[in-house]
Amino acid sequence: MLFFRKNKKRNLRIHSKHVYSFDFRQIRSYSERKISDEDFQTITTLPILRINNDRALAVNEYMDTCKGFINILTSLDKMRDTLLLDVLKLYKDQFGEIDADHLSGANENETYKKVVYFLIPEVLWAHGHEISSKLF
């Protein structure tokens, strides 16, 4: 997104090499492109976005879950890719294929594992792997 490039220093908070945070409600006021009301509503409800040019992830500070996402993503960002791939395989064997509508688990620990399972592909993408997203 060109928006993030031009306004990076002023608008993005950097938490790790590939994890930033930003209030997505500000996108419309700084964007060089016209953003429709429908697209704006969608963007402001997303927990994270991929920043393609930087191979980074932006966490939506407008969301209540912002700190949790930042903590998980920064921890994952510091891990070796081989470990992330192993954990991804382990979770895939345990949970199978799940989508964003089925992240809630039987208990808090299982829910946390499912969220990590969903975020590992995003971190691997940021690390340069061509991996499909479970979110986008």
Side-chain angles (χ1 to χ4, degrees):
M1 289 182 141
L2 183 58
F3 166 76
F4 288 109
R5 275 241 184 267
K6 286 185 127 182
N7 298 292
K8 187 174 183 175
K9 288 185 180 176
R10 188 171 71 180
N11 296 319
L12 288 178
R13 274 160 281 302
I14 299 171
H15 301 280
S16 68
K17 185 174 180 182
H18 299 103
V19 179
Y20 309 151
S21 66
F22 178 78
D23 184 341
F24 291 2
R25 294 176 298 174
Q26 296 178 18
I27 287 176
R28 182 178 266 171
S29 62
Y30 291 103
S31 179
E32 291 189 358
R33 296 183 325 180
K34 173 117 175 82
I35 298 174
S36 70
D37 290 341
E38 184 179 331
D39 288 345
F40 179 75
Q41 290 301 320
T42 301
I43 290 168
T44 59
T45 61
L46 293 173
I48 65 172
L49 285 174
R50 287 181 173 185
I51 304 173
N52 290 330
N53 295 340
D54 293 343
R55 280 282 184 161
L57 303 167
V59 178
N60 188 353
E61 291 179 354
Y62 179 61
M63 304 286 288
D64 293 338
T65 55
C66 172
K67 288 183 182 177
F69 275 101
I70 290 170
N71 289 338
I72 293 168
L73 287 168
T74 54
S75 295
L76 293 173
D77 193 27
K78 295 173 185 174
M79 291 183 182
R80 292 179 183 215
D81 291 358
T82 54
L83 178 59
L84 291 172
L85 290 164
D86 287 347
V87 171
L88 185 63
K89 183 184 180 321
L90 177 74
Y91 282 175
K92 187 174 185 176
D93 292 344
Q94 181 178 357
F95 298 122
E97 290 297 325
I98 58 173
D99 57 28
D101 295 332
H102 298 95
L103 284 179
S104 294
N107 56 50
E108 187 176 324
N109 190 38
E110 184 175 311
T111 300
Y112 183 81
K113 286 180 181 180
K114 286 183 177 182
V115 170
V116 169
Y117 175 49
F118 250 67
L119 294 177
I120 289 174
E122 301 308 314
V123 173
L124 287 169
W125 172 84
H127 289 185
H129 293 265
E130 293 303 324
I131 189 165
S132 62
S133 173
K134 295 187 173 299
L135 297 173
F136 307 107

K.L.:
Would you tabulate the side-chain donor-acceptor contacts of residues 78-91 under 3.5 Å, counting partners in other chains and residues two or more places apart, or write 'none'?
P.N.:
{"residue": "Asp81", "atom": "OD1", "partner": "His127", "partner atom": "ND1", "Å": "2.5"}
{"residue": "Asp81", "atom": "OD2", "partner": "His129", "partner atom": "NE2", "Å": "2.8"}
{"residue": "Lys89", "atom": "NZ", "partner": "Asp93", "partner atom": "OD2", "Å": "3.1"}

K.L.:
When you measure from the side chain of Asp39 to the backbone N and O of Ile35, does any donor-acceptor pair fall under 3.5 Å?
P.N.:
no

K.L.:
Using salt bridge (Lys or Arg N to Asp or Glu O under 4.0 Å) as the criterion, list what pairs up with Asp37, not counting sequence neighbours.
P.N.:
Arg28

K.L.:
Hey, what do you get for OG1 (Thr44) to CE (Met63), rounding to the nearest 0.5 Å?
P.N.:
8.5 Å

K.L.:
Determine, stepwise, if the pair Leu57 / Phe69 fulfils side-chain contact (heavy atoms from CB on, under 4.5 Å).
P.N.:
CA-CA 11 Å; Leu57 303 167; Phe69 275 101; over 6 Å; no

K.L.:
Between Thr74 and Ile70, is there a side-chain heavy-atom distance shorter than 4.5 Å?
P.N.:
yes

K.L.:
If I compare all heavy atoms of Glu61 with all of Cys66, which pair ends up nearest, and what's the gap?
P.N.:
CA-SG, 3.6 Å

K.L.:
Of Val19, Thr65, Leu73, which meets side-chain contact (heavy atoms from CB on, under 4.5 Å) against Ile48?
P.N.:
Leu73

K.L.:
In the structure I gave you, are the side-chain heavy atoms of Thr111 and Lys114 within less than 4.5 Å of one another anywhere?
P.N.:
no

K.L.:
Give a yes or no on whether the backbone of Ser16 and the side-chain of Asp77 come within a donor-acceptor separation of less than 3.5 Å.
P.N.:
no

K.L.:
Rounded to the nearest 0.5 Å, how far does CG of Leu46 lie from CZ of Phe24?
P.N.:
7.0 Å

K.L.:
Following the transitive rule for hydrophobic clusters with a side-chain heavy-atom cut-off under 4.5 Å over Ile, Leu, Val, Met, Phe, Trp and Tyr, establish whether Val116 and Trp125 coincide in one cluster.
P.N.:
yes

K.L.:
To the closest 0.5 Å, what do you measure between CD (Glu122) and CD1 (Ile131)?
P.N.:
9.0 Å

K.L.:
Indicate yes or no for a side-chain donor-acceptor contact from Asp54 to the backbone of Ala56 under 3.5 Å, with no hydrogens or angles considered.
P.N.:
no

K.L.:
Tell me, yes or no, whether the heavy-atom count around Phe40 atom CZ, taken from other residues, nucleotides or ligands under 6.0 Å, exceeds 12.
P.N.:
yes

K.L.:
With a 4.5 Å heavy-atom cut-off, do Arg13 and Tyr20 have their side chains touching?
P.N.:
no

K.L.:
Rounded to the nearest 0.5 Å, how far apart are CD of Glu38 and CD1 of Ile43?
P.N.:
11.0 Å

